[in-house]
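Heads up, the thing below is written out as structure tokens.
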2 protein chains.
Amino acid sequence: MGLSKKDEFTAKQNRLADYAKALAHPARVAIVEYLATSNACMCGDIVEVLPLSQSTVSQHLRELKNAGLIKGTIDGTSVCYCLNEEGWNEMQSMLGTFLVTMKKCC
Amino acid sequence: MGLSKKDEFTAKQNRLADYAKALAHPARVAIVEYLATSNACMCGDIVEVLPLSQSTVSQHLRELKNAGLIKGTIDGTSVCYCLNEEGWNEMQSMLGTFLVTMKKCC
DNA sequence: AACTATTATCGTAATATTACGATAAAGAAA
DNA sequence: TTTCTTTATCGTAATATTACGATAATAGTT
């Protein structure tokens, strides 16, 4: 009955699932896209770009941060968010292994 | 409140989000892992490997299939599921663009 | 100190996901 | 045909996510 069984999977499986979950919403994809191409990456800027309220954007940013895909450094009264290369590299390498071991069975 | 705003994002952003959502659960990561390394890929086999009921596994398989990450071909009374290379390639190339355009701003 | 700007958090309503048992559907075997 | 095997779907309960307004927190400005 809806009780989560995440404990029954390996840490690695959960880690990749967490990365994927962080990208599992178009708003968070849009945030990442913006951070990848922009240098002016205050949260305020992002709010202007997205069709969402400030509190909702802040929530999405926290999820990306918790997953390790972005990091934020305080800059006076605002926060400078940018992509966290380490997280991206780990996620990409995890995904890469599937392509390597992939076999066609049908 | 809580009304989804996915229409307000681009088709590409939603597409990547859908791929990511398909992998946003450790059970589905485990399924993909299994399919990547195994040749005997009936659903029944997968149920034995996972700590989940048959109906739950079937639901997860459907989500992976809808996202385009796996495909299933009917084989008599059972179904042979395997990875769908096209889907993986598209997802990987979408993710790849972030690494390419990624800039350090902090 | 009082005010402004920026971001985070709380409360909460709407919606979506997760999981299971029960049951249906369809082909294989008796 | 009847039975068995395998997978899908339905119903439903528990949990999680999404979104917003209101409010708090913190730093800068006047």
Side-chain angles (χ1 to χ4, degrees), chain A residues 1-9 13-14 17-31 34-35 40-67 70-82 106, chain B residues 1-9 13-14 17-31 34-35 40-67 70-82 106:
Chain A
M1 294 111 188
L3 221 155
S4 179
K5 292 212 162 180
K6 295 182 177 175
D7 304 346
E8 313 227 23
F9 297 92
Q13 285 163 345
N14 274 286
D18 285 343
Y19 279 132
K21 191 191 283 187
L23 287 178
H25 192 286
R28 295 196 288 273
V29 171
I31 289 171
Y34 182 75
L35 292 183
C41 52
M42 306 299 155
C43 176
D45 295 354
I46 297 169
V47 170
E48 283 170 31
V49 171
L50 297 180
L52 297 170
S53 73
Q54 181 267 324
S55 61
T56 302
V57 172
S58 181
Q59 209 173 287
H60 283 307
L61 285 167
R62 184 175 44 183
E63 281 172 70
L64 285 167
K65 195 175 160 194
N66 287 344
I70 69 173
K71 53 187 170 185
T73 57
I74 297 170
D75 174 25
T77 173
S78 61
V79 177
C80 177
Y81 279 109
C82 51
C106 311
Chain B
M1 298 106 191
L3 221 154
S4 180
K5 290 208 161 182
K6 294 182 177 173
D7 305 345
E8 314 227 23
F9 297 93
Q13 285 163 346
N14 274 287
D18 285 344
Y19 279 132
K21 191 190 284 186
L23 287 178
H25 193 287
R28 295 196 288 273
V29 171
I31 289 171
Y34 182 77
L35 293 183
C41 51
M42 306 302 154
C43 177
D45 295 353
I46 296 170
V47 170
E48 282 169 33
V49 170
L50 297 181
L52 297 170
S53 74
Q54 182 267 324
S55 60
T56 301
V57 172
S58 181
Q59 210 172 288
H60 282 307
L61 285 167
R62 184 175 43 182
E63 281 171 69
L64 284 167
K65 196 174 161 195
N66 287 343
I70 69 174
K71 53 188 168 183
T73 57
I74 297 170
D75 173 26
T77 174
S78 60
V79 177
C80 177
Y81 280 108
C82 50
C106 312

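Each chain gets a letter, A, B and so on, in the order the sequences are listed, and its residues count up from 1. Side-chain atoms are counted along with the backbone in the values below, which use heavy atoms only and exclude waters and symmetry mates.
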| Do the non-hydrogen side-chain atoms of A/L50 and A/H60 ever get within less than 4.5 Å of each other? | no

| query | Is a donor-acceptor pair below 3.5 Å formed from side chain B/T77 to base D/dT5, judging by atom type as modelled? | reply | yes

| message | Using a heavy-atom cut-off of 4.0 Å across all strands, would you classify A/L52 as base, sugar-phosphate, or nothing? | response | sugar-phosphate

| Can a side chain N or O of B/H60 be found less than 4.0 Å away from OP1 or OP2 on C/dA19? | yes

| Considering heavy-atom distances to DNA chain D, does B/G44 or A/A27 have its closest nucleotide positioned more toward the 5' end? | B/G44

| Taking only side-chain nitrogens and oxygens of B/Y81, does any of them come within less than 4.0 Å of OP1 or OP2 of D/dA8? | yes

| query | If only side-chain N and O atoms of A/H25 are considered, is one of them under 4.0 Å from the OP1 or OP2 phosphate oxygen of C/dA16? | reply | no

| query | Distance check: side-chain N/O of A/R62 vs OP1/OP2 of C/dA8, anything under 4.0 Å? | reply | no

| task | Report the nucleotide, chosen from C/dG27, C/dA19, C/dA8, that has the shortest atom-to-atom distance to any side-chain atom of A/V79. | result | C/dA8

| query | NA contact type, B/I74, heavy-atom cut-off 4.0 Å: base, sugar-phosphate, or nothing? | reply | nothing

| field | B/S55 vs A/S55, nearer the 5' end of DNA chain D by closest nucleotide | value | B/S55

| field | D/dA8 base / B/Q59 side chain donor-acceptor hit below 3.5 Å | value | no

| task | Nearest whole angstrom, please: distance from the P of C/dT9 to the NZ of A/K65. | result | 8 Å

| Run the side-chain hydrogen bond (donor to acceptor under 3.5 Å, both in side chains) check on B/S55 and B/S58 step by step: do they pass? | CA-CA 5 Å; B/S55 60; B/S58 181; over 6 Å; no

| Going from CD on B/E63 to CG on B/D18, what distance comes out if it is rounded to the nearest 0.5 angstrom? | 11.0 Å

| Counting just side-chain N and O atoms, does A/S58 come under 4.0 Å of either OP1 or OP2 of C/dA8? | yes

| query | Does some side-chain heavy atom of A/L35 sit less than 4.5 Å from a side-chain heavy atom of A/I70? | reply | yes

| What is the distance, rounded to the nearest whole Å, between atom CD of B/Q54 and atom C1' of C/dA25? | 12 Å

| query | Would you say D/dT17 has OP1 or OP2 under 4.0 Å from some side-chain N or O of B/K21? | reply | no

| task | Look at the side chain of A/R28 and the backbone N and O of A/K21, then say whether any donor-acceptor pair between them is shorter than 3.5 Å. | result | yes

